[in-house]
Asker: 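I'd like to ask you about the structure that follows.
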Amino acid sequence: MDKKICMLFLLFPFQLLHAQRDLLKDFPAGYTPEEVGKRLAYHFVDDRHELYAGRYIHYAEVCTWTGSLDFALITKDQTLVELLQDKFEPFFTREKALLPPMNHVDYNMFGGLALQLYQITNDKRYLEMGMEYADTQWDVPQNASPEEKRWAEKGYSWQTRLWIDDMYMITSVQAQAYKVTGDSKYIDRAAKEMVLYLDEIQRPNGLFYHAPDVPYYWGRGDGWMAVGMADLLRYLPDGHTDRSRIMEGYQTMMASLKKYQRPDGIWGQLIDEPDSWAETSGSAMFTYAFIVGVKQGWLDAKEYAPAARKAWLALIPYIDERNNVTEVCIGTGKKNDKQYYYDRPRVAGDFHGQAPYLWCVVALLEK
């Protein structure tokens with residue numbers, strides 16, 4: 001065979017790989033991650049706080065805050081960094097009462113935001129605040145229930161519930177604690193916890209029921225697992241004991257999500273129900289997990305880059321003229337009733353939707 005032709009054959013797979021990854025770079029006007037990120041992050045700066053029962057900062061606000069900070073950093077927007085830092089400053093003074101107590105998995109993940117700000121500012125106030133939230137996920141309180149104590153005795157967080165959203169709430173703050181301290185106990189905790197959840201609640205098809213007694217694949221619920229695994233894998237060292245188990249769970253889930261992605265690129269409120277309504281928060285979480293997987297080389301770019309691009313292009317029209325993400329399912333507790341999920345109200349501007357869009361933005365901008 002001609003030497004030149006031979007070389008072309010050898011180069012073709014690499015050219016194809018780059019072509020597939022380029023699908024996650026070139027977007028039409030209005031769909032670029034820079035444009036979308038700026039719209040959503042600056043909108044967050046001026047947005048009101050979202051509170052639990054009017055009392056404490058909600059975890060969904062924390063997620064949107066961290067997404068906005070990541071966008072500010074990757075685009076080197078110092079003005080935005082300062083605005084986001086200024087928004088946090090009152091928590092040290094007049095808004096201190098809004099800080100979540102350190103007694104629940106959803107509350108403790110607030111610490112990840114403080115630790116992220118410490119990495120930006122080197123201000124020890126953020127470090128002290130964030131580490132207290134991270135450490136109290138494992139420090140068993142005196143009033144812990146017998147079940148909580150049993151989890152702690154096995155080496156898990158006393159806040160363990162085997163609810164699917166825990167695998168973002170717990171692992172995110174522990175990973176940030178590992179990042180700022182370099183202490184492997186934090187990443188080991190997160191990985192051990194993730195393996196427990198995978199072993200206990202992942203279904204054979206890679207997806208997750210909303211709860212063991214609720215056999216429905218609710219989109220955003222599964223989204224927390226998708227994002228949690230993708231993020232944790234980025235922190236775990238290659239030779240970590242639990243890495244291969246978590247990668248297996250992640251890749252199995254991604255294959256199933258690809259199967260259930262709709263022709264327009266979106267996923268439904270119930271992942272495997274074709275007539276359920278298109279829901280944006282879960283769809284954005286799945287898109288994020290695809291983008292990260294392609295860029296990290298965990299997913300076949302030929303298969304997943306087109307799926308990720310299709311999803312991103314489908315998501316953007318759901319942002320309204322006020323920069324609110326629409327068609328977001330409201331907070332949803334479990335219920336063993338399929339119609340219940342079909343009937344859940346849909347809202348615009350909820351941080352459950354704003355946050356994963358920002359995560360996608362940052363993932364697309366990363367090299």
Side-chain angles (χ1 to χ4, degrees), residues 37-137 139 141 159 165 168-170 172-177 179-181 281 322-325 328 330-331 347-359 361-362:
K38 190 169 185 177
R39 290 175 64 186
L40 299 186
Y42 275 93
H43 178 44
F44 173 72
V45 168
D46 296 326
D47 216 337
R48 56 176 176 74
H49 287 315
E50 182 175 343
L51 306 177
Y52 285 102
R55 298 182 66 187
Y56 309 124
I57 296 296
H58 197 283
Y59 69 79
E61 177 172 351
V62 175
C63 294
T64 309
W65 212 317
T66 58
S68 298
L69 276 168
D70 282 337
F71 172 72
L73 292 174
I74 202 166
T75 56
K76 297 180 172 56
D77 188 337
Q78 188 58 34
T79 298
L80 180 57
V81 171
E82 291 172 4
L83 288 170
L84 292 165
Q85 185 180 343
D86 290 345
K87 186 174 176 125
F88 193 99
E89 189 64 24
F91 291 144
F92 293 113
T93 54
R94 68 178 186 275
E95 291 184 351
K96 194 171 183 178
L98 299 181
L99 292 176
M102 301 172 193
N103 61 7
H104 189 278
V105 61
D106 290 348
Y107 294 162
N108 276 70
M109 63 88 63
F110 179 87
L113 171 59
L115 293 175
Q116 187 180 16
L117 281 162
Y118 168 68
Q119 293 167 61
I120 296 169
T121 65
N122 242 6
D123 186 332
K124 292 294 178 65
R125 294 178 304 163
Y126 296 113
L127 177 64
E128 292 168 3
M129 179 187 289
M131 290 307 301
E132 190 172 5
Y133 277 101
D135 287 333
T136 51
Q137 276 194 323
D139 294 341
Q159 297 178 354
D165 48 338
Y168 183 81
M169 310 307 166
I170 293 176
S172 62
V173 65
Q174 295 301 312
Q176 287 294 334
K179 191 173 181 182
V180 300
T181 66
S281 66
R322 296 167 297 172
N323 298 321
N324 288 324
V325 175
V328 180
I330 67 168
V347 292
D350 188 291
F351 289 143
H352 285 98
Q354 307 290 114
Y357 270 63
L358 283 162
W359 297 339
V361 160
V362 174

Asker: If you count every heavy atom of other residues, nucleotides or ligands that lies below 6.0 Å from E132 atom CD, does the total exceed 12?
Answerer: no
Asker: Can you sort out the partners of A114 under side chain to side chain contact (heavy atoms under 4.5 Å, CB included), two or more places apart, ordered by chain and number?
Answerer: F88, M129
Asker: What residues form a ring pair (Phe, Tyr, Trp, His ring centres under 6.0 Å) with H43, not counting sequence neighbours?
Answerer: none
Asker: With no hydrogens and no angle check, is any side-chain donor or acceptor of Q176 less than 3.5 Å from a backbone partner on G112?
Answerer: no
Asker: Assess the residue pair Y126 and F92 against the criterion (ring pair (Phe, Tyr, Trp, His ring centres under 6.0 Å)); give the C-alpha distance rounded to whole Å, side-chain angles, the decisive distance to 0.1 Å, and a yes or no.
Answerer: CA-CA 10 Å; Y126 296 113; F92 293 113; 5.4 Å; yes
Asker: Would a 4.5 Å heavy-atom cut-off, applied to side chains only, mark Q354 and D47 as touching?
Answerer: no
Asker: Which heavy atom of A72 sits nearest a heavy atom of V81, and at what distance?
Answerer: CB-CG2, 3.5 Å
Asker: From Y52 OH over to E61 CD, what is the distance, rounded to the nearest 0.5 angstrom?
Answerer: 10.5 Å
Asker: To the nearest 0.5 Å, tell me how far Y107 OH sits from L99 CG.
Answerer: 12.5 Å
Asker: For S68 and A41, work out which heavy atoms get closest and say how close.
Answerer: OG-CA, 3.8 Å
Asker: Could you tell me the separation between the NE2 atom of H49 and the CG atom of L51, rounded to the nearest 0.5 Å?
Answerer: 7.0 Å
Asker: Just wondering, do V62 and F351 contact through their side chains at under 4.5 Å, heavy atoms?
Answerer: no
Asker: Just one of D86, L83, T79 clears the side-chain contact (heavy atoms from CB on, under 4.5 Å) bar with V45, so which one?
Answerer: L83
Asker: Is any side-chain heavy atom of D135 closer than 4.5 Å to one of M102?
Answerer: no
Asker: Less than 4.5 Å apart, side chain to side chain, heavy atoms only: is that true for L73 and I120?
Answerer: yes
Asker: If every non-hydrogen atom of Y133 is compared with every non-hydrogen atom of G111, which pair is closest and at what distance?
Answerer: CB-CA, 3.5 Å
Asker: Can you name the closest pair of heavy atoms from Y168 and C63 and give their distance?
Answerer: CE2-SG, 3.7 Å
Asker: So, do N108 and M169 sit near enough that their side-chain heavy atoms are less than 4.5 Å apart?
Answerer: no
Asker: Going by distance alone, is a donor N or O of one side chain under 3.5 Å from an acceptor N or O of the other, for Y59 and H352?
Answerer: yes
Asker: In sequence, state the C-alpha distance, the side-chain angles, and the governing distance for E50 and T64, and then conclude on side chain to side chain contact (heavy atoms under 4.5 Å, CB included).
Answerer: CA-CA 11 Å; E50 182 175 343; T64 309; over 6 Å; no
Asker: Once rounded to the nearest 0.5 Å, what's the spacing between atom CG of L117 and atom CG of L84?
Answerer: 8.0 Å
Asker: Can you confirm whether L40 sits close enough to V361 that some side-chain heavy atom of one is under 4.5 Å from a side-chain heavy atom of the other?
Answerer: no
Asker: Parallel, tilted or perpendicular for F91 and W65, by the 30°/60° rule?
Answerer: tilted
Asker: With side chains defined as the heavy atoms from C-beta onward, is the minimum distance between K179 and L115 less than 4.5 Å?
Answerer: no
Asker: Distance check, rounded to the nearest 0.5 Å: K96 atom NZ versus R94 atom CZ?
Answerer: 14.5 Å
Asker: How far does OG1 of T75 sit from NZ of K38, to the nearest 0.5 angstrom?
Answerer: 9.0 Å
Asker: Check the surroundings of atom CZ in R55: do more than 12 heavy atoms from other residues, nucleotides or ligands lie under 6.0 Å from it?
Answerer: no
Asker: Are any of the side-chain heavy atoms of L358 and D70 separated by less than 4.5 Å?
Answerer: no
Asker: What closest approach, in Å, do A60 and A355 show between heavy atoms, and which atom pair accounts for it?
Answerer: O-CB, 4.4 Å
Asker: Taking all atoms of both residues into account, what is the closest heavy-atom pair of K124 and Y118, and its distance?
Answerer: CE-OH, 3.9 Å
Asker: For K87, is there an ion pair with E95 - N to carboxylate O distance below 4.0 angstrom?
Answerer: no
